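Okay, so here's the structure we're looking at.
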Amino acid sequence: MTQLMLYNTRTRAKEAFTPIDPANVRAYLCGPTVYDRAHLGNARNVVVFDILVRLLRRLYPRVTYVRNITDIDDKINTRAKERGVSIEEVTEGPIRWYHEDMGALYTLPPDIEPRATAHLGEIIEMIERLIANGHAYEAAGHVLFSVASDPDYGKFSGRTPDELIAGARVDVAPYKRDAGDFVLWKPSTPDLPGWDSPWGRGRPGWHIECSAMSWRHLGENFDIHGGGDDLIFPHHENEIAQSCCAFPGSKFANVWVHNRMLLVNGEKMSKSLGNFLVLHDVLEKAPGEAVRFLLMRSHYRSTLDFSDAGLVEARRELDRFYRALEAFPDMAASDQVPASVLWPLLDDLNTPGAIAALHALADAALAGDAKAAAGLHAAGQVLGLFNVTSAEWFAGDVPAAVTALVEARIAARAAKDFAASDRLRDEIAALGYAIQDGPRGAYKLRKA
RNA sequence: GGUCCGGUGGCAGAGUGGUGAUGCAGCGGACUGCAAAUCCGCGUAUGUGGGUUCGAUUCCCGCCCGGACCUCCA
């Protein structure tokens with residue numbers, strides 16, 4: 001059983017995944033707009049896609065994973081103006097932090113990481129095509145996409161143009177033909193970053209860069225497009241409209257994979273609410289692998305309500321797996337992922353189901369089953385787990401002060417001075433380490 | 001207001017038209033100088049009212065509650 005099933009937002013149904021070209025599966029994930037630190041919601045999105053890509057790589061010989069960086073944006077411009085620096089100086093830090101933080105979660109880098117600033121040519125070419133095809137028009141220095149020109153507009157997100165207008169909570173610019181028309185290109189005043197175009201010096205609107213970059217790197221029609229479900233409208237609806245109208249007859253992405261939002265205290269983390277958890281801060285509280293594990297403990301299409309208690313629990317579950325692996329230090333590496341783990345993953349990335357299977361393997365491994373331990377380790381590769389050794393997981397680099405106390409305690413126990421022994425255990429605990437005694441004076445240390 | 005999604009044991013969280021995974025926490029026992037870890041065992045759940053069915057947690061309808069989108073957002 002190696003058939004991957006994926007829920008496709010386009011059809012609102014779980015479908016058997018069939019690549020356009022089995023020799024090269026092409027996938028695109030909407031990446032960050034780089035003006036700030038990544039938050040935990042970004043992390044969920046990237047971890048989910050990371051598992052999908054790892055799984056696809058087991059099933060197909062080649063996967064091209066593209067994740068863009070949006071480095072043209074009005075929020076970036078605002079920051080640059082506030083600080084009196086160039087937009088490159090604003091985006092440099094956030095791009096570096098993004099790589100560091102996602103790396104700390106053991107997510108694989110994309111094969112191609114295109115930037116909007118390097119794709120103005122493609123962006124302009126697409127806009128020219130849209131104008132030539134009668135799907136876009138110039139007005140007041142802007143170029144706008146005409147939603148009325150696209151009979152399919154709204155189908156993806158399940159809305160009619162009337163609904164969109166009725167629900168509009170923003171003022172409609174007077175130069176728009178329809179309230180739903182959106183900007184492809186807008187003029188830049190001299191104090192703002194801009195690029196020369198047939199419509200004068202300006203900059204692209206929000207949605208066009210993803211259409212241009214996916215076209216450049218994956219073609220007019222590719223397999224999978226991912227993102228958070230808050231992007232379904234308007235971002236992905238608009239991407240589809242632009243791409244399908246610029247390339248008549250193309251289908252753009254075949255399968256759309258959207259993860260649900262991460263909640264904090266029952267509410268969506270969002271920039272406007274200001275309640276978002278900065279990933280870097282969460283990584284101060286727990287190992288990256290525990291944060292990653294927390295994000296896979298619920299299905300990607302369910303809401304996940306973050307809590308510190310959940311983080312602690314994620315870490316304890318991983319403790320158990322590392323204990324199971326620890327029992328087989330010389331285990332030969334295997335890439336045979338047990339069917340019990342693979343099967344739920346193939347069924348629309350059911351990570352909680354896979355984790356349940358991991359626990360069964362851990363039980364067997366703790367009972368002495370070497371094959372189960374090898375299977376557990378192999379399963380970790382497809383899930384992006386077990387990236388460190390058990391010793392590193394439990395203790396990391398032990399400070400000299402702790403080692404000295406441990407040695408003093410061994411001596412005390414040998415002398416059966418249990419009062420001293422218990423006192424030393426408390427002192428070790430005060431330094432953040434727990435000690436476990438084993439047979440014949442053996443012991444294990446772990447970070448509290 | 002429109003559209004959509006969900007409500008499972010103390011908590012987290014899957015699956016399923018036919019005796020409700022898994023984990024964490026809790027309880028009892030073994031082991032231990034005491035612990036920890038490990039092992040054995042235990043308990044508790046499908047929001048609510050109808051309908052379809054031999055049988056529903058699973059399908060359908062109403063209600064209640066929660067969340068998302070309709071605006072920047074992963």
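Not measured: the values here are computed from a predicted model. Per chain, numbering begins at 1; letters A, B, ... match sequence-line order.
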Within the side chain of A:S214, is there an N or O that forms a donor-acceptor pair under 3.5 Å with the backbone of A:S211?
yes
Does atom NZ of A:K186 have more than 12 heavy-atom neighbours from other groups under 6.0 Å away?
yes
May I have the distance from A:Y7 (atom OH) to B:G6 (atom C1'), rounded to whole angstrom?
13 Å
Please confirm whether the backbone N or O of A:K268 pairs with a side-chain atom of A:N275, one donor and one acceptor, at under 3.5 Å?
yes
A:I435 CD1 to B:C34 C1', straight-line distance once rounded to whole Å:
14 Å
Span that lies between the P atom of B:A74 and that of B:C60, in whole angstrom
34 Å
Please state the C1' separation for the pair B:A36 and B:A30 - nearest whole angstrom.
15 Å
Would you mind telling me which of B:A74, B:C69, B:A12 lies closest to the side-chain atoms of A:E313?
B:A12
Is there a Watson-Crick or G-U wobble partner for B:A68 with both distances under 3.5 Å, and which nucleotide is it?
B:U3
Tell me the interatomic distance from A:L304, atom CG, to B:C5, atom C1', rounded to whole angstroms.
16 Å
If the plane angle is over 60° it's perpendicular, under 30° parallel, otherwise tilted; pick one for A:W393 and A:Y322.
parallel
Of all the choices, B:A74, B:C72, B:A14, which nucleotide is nearest to the side chain of A:L262 once you look at every atom?
B:A74
Test item: A:F276 and A:L40 side chains (from C-beta on) under 4.5 Å apart, heavy atoms
no
Could you tell me the separation between the CD atom of A:E267 and the C1' atom of B:A68, rounded to a whole number of Å?
12 Å
Could you tell me whether the side chain of A:T303 has a donor or acceptor atom within less than 3.5 Å of a complementary atom in the base of B:G66?
no
Regarding B:C4, can its base be found pairing with the side chain of A:R12 as donor and acceptor, where the two atoms are less than 3.5 Å apart?
no
What does A:P234 touch in the nucleic acid at a heavy-atom separation under 4.0 angstrom: a base, only the sugar-phosphate, or nothing?
sugar-phosphate
Heavy atoms from C-beta onward define the side chain here; which of B:G23, B:A74, B:G33 lies closest to that of A:M261?
B:A74
What's A:R409 touching, base or sugar-phosphate or nothing? Going by heavy atoms closer than 4.0 Å.
base
Would you kindly compare A:L263 and A:D422 by the position of their nearest RNA chain B nucleotide and give the one closer to the 5′ end?
A:D422
Using a heavy-atom cut-off of under 4.0 Å over every strand shown, decide if A:G310 touches base, sugar-phosphate, or nothing.
nothing
Just do the salt bridge (Lys or Arg N to Asp or Glu O under 4.0 Å) check on A:R297 and A:E313 with the steps written out, would you?
CA-CA 10 Å; A:R297 289 208 318 152; A:E313 211 178 296; 3.1 Å; yes
Assess whether side chain to side chain donor-acceptor pair (under 3.5 Å) is satisfied between A:E100 and A:H280, documenting all intermediate values.
CA-CA 9 Å; A:E100 287 171 4; A:H280 187 254; 5.9 Å; no
Would you say a side-chain N or O of A:N45 is under 4.0 Å from OP1 or OP2 of B:A74?
no
If the cut-off is 4.0 Å, is A:R260 near the phosphate of B:A68, judged by side-chain N/O to OP1 or OP2?
no
Residue-phosphate contact under 4.0 Å: A:H258 side-chain N/O, B:A74 OP1/OP2
no
Considering every strand and a 4.0 Å limit on heavy-atom distances, what is the contact class for A:R301: base, sugar-phosphate, or nothing?
nothing
Expressed in whole Å, how much space separates the C1' atoms belonging to B:G17 and B:C54?
12 Å
Looking only at atom C1', what distance separates B:U16 and B:A21, rounded to whole Å?
10 Å
Winner on side-chain proximity to A:Q436, out of B:A68, B:G33, B:A37, is B:A37
Does the ring of A:Y7 carry A:R301 above it, NZ/CZ under 6.0 angstrom from centre and within 45° of its axis?
yes
Between B:G66 and B:A56 - C1' atom distance, rounded Å
24 Å
Measuring to OP1 and OP2 of B:A36, would you say a side-chain N or O of A:R425 lies under 4.0 angstrom away?
no
Is a donor-acceptor contact shorter than 3.5 angstrom present between the side chain of A:R446 and the base of B:A36?
no
What integer distance in Å separates A:D348:CG from B:U16:P?
12 Å
A:N259 near the nucleic acid: base, sugar-phosphate alone, or nothing, with a heavy-atom cut-off under 4.0 Å?
base
Assign the ring pair A:H119 / A:H217 to parallel, tilted or perpendicular, where the plane angle (0 to 90°) is split at 30° and 60°.
perpendicular
When the P atoms of B:G51 and B:U3 are considered, how many whole Å apart are they?
28 Å
Rounded to whole angstrom, note down the C1' distance from B:C11 over to B:G43.
15 Å
If you look only at distance, which donor and acceptor atoms sit under 3.5 Å apart when one is on a side chain in residues 228-236 of chain A and the other is two or more places apart or in another chain?
residue	atom	partner	partner atom	Å
A:H235	ND1	A:H207	ND1	2.9
A:H235	NE2	A:E239	OE2	2.9
A:H236	ND1	A:H258	NE2	2.8

For RNA chain B, find the residues of residues 350-370 of chain A with a heavy-atom distance under 4.0 Å and give them by number; none if there aren't any.
A:N350, A:P352, A:A356, A:H359, A:L366
Taking any heavy-atom pair under 4.0 Å as a contact, classify A:K416: base, sugar-phosphate, or nothing.
nothing
Do the side-chain N or O atoms of A:S302 get closer than 4.0 angstrom to the phosphate oxygens (OP1, OP2) of B:G67?
no
If the P atom of B:G20 is compared with that of B:U38, how far apart are they to the nearest Å?
28 Å
Rounded interatomic separation in angstrom, taking CG from A:D347 and C1' from B:A21
14 Å
Sugar-phosphate, base or nothing in reach of A:D437, heavy atoms under 4.0 Å:
base
Scanning all shown strands, the Watson-Crick or wobble mate of B:C59 with both distances under 3.5 Å is B:G51
Could you please name the option among B:G33, B:G23, B:G13 that lies closest to any side-chain atom of A:S298?
B:G13
To the nearest angstrom, the CG-C1' distance between A:L277 and B:A74 comes to 14 Å
Of A:H299 and A:H39, the one whose closest nucleotide on RNA chain B sits nearer the 5' end is A:H299
With respect to the phosphate group of B:A25, does any side-chain polar atom (N or O) of A:R316 fall under 4.0 Å of OP1 or OP2?
yes
Rounded to whole angstrom units, what separation is found between the CG atom of A:L445 and the P atom of B:A37?
15 Å
Could you please name the partner base of B:C42, counting Watson-Crick and G-U wobble pairs only when both distances are under 3.5 Å?
B:G26
Verdict with reasoning, A:R159 to A:S157, per side chain to side chain donor-acceptor pair (under 3.5 Å):
CA-CA 6 Å; A:R159 291 157 214 276; A:S157 57; 3.2 Å; yes
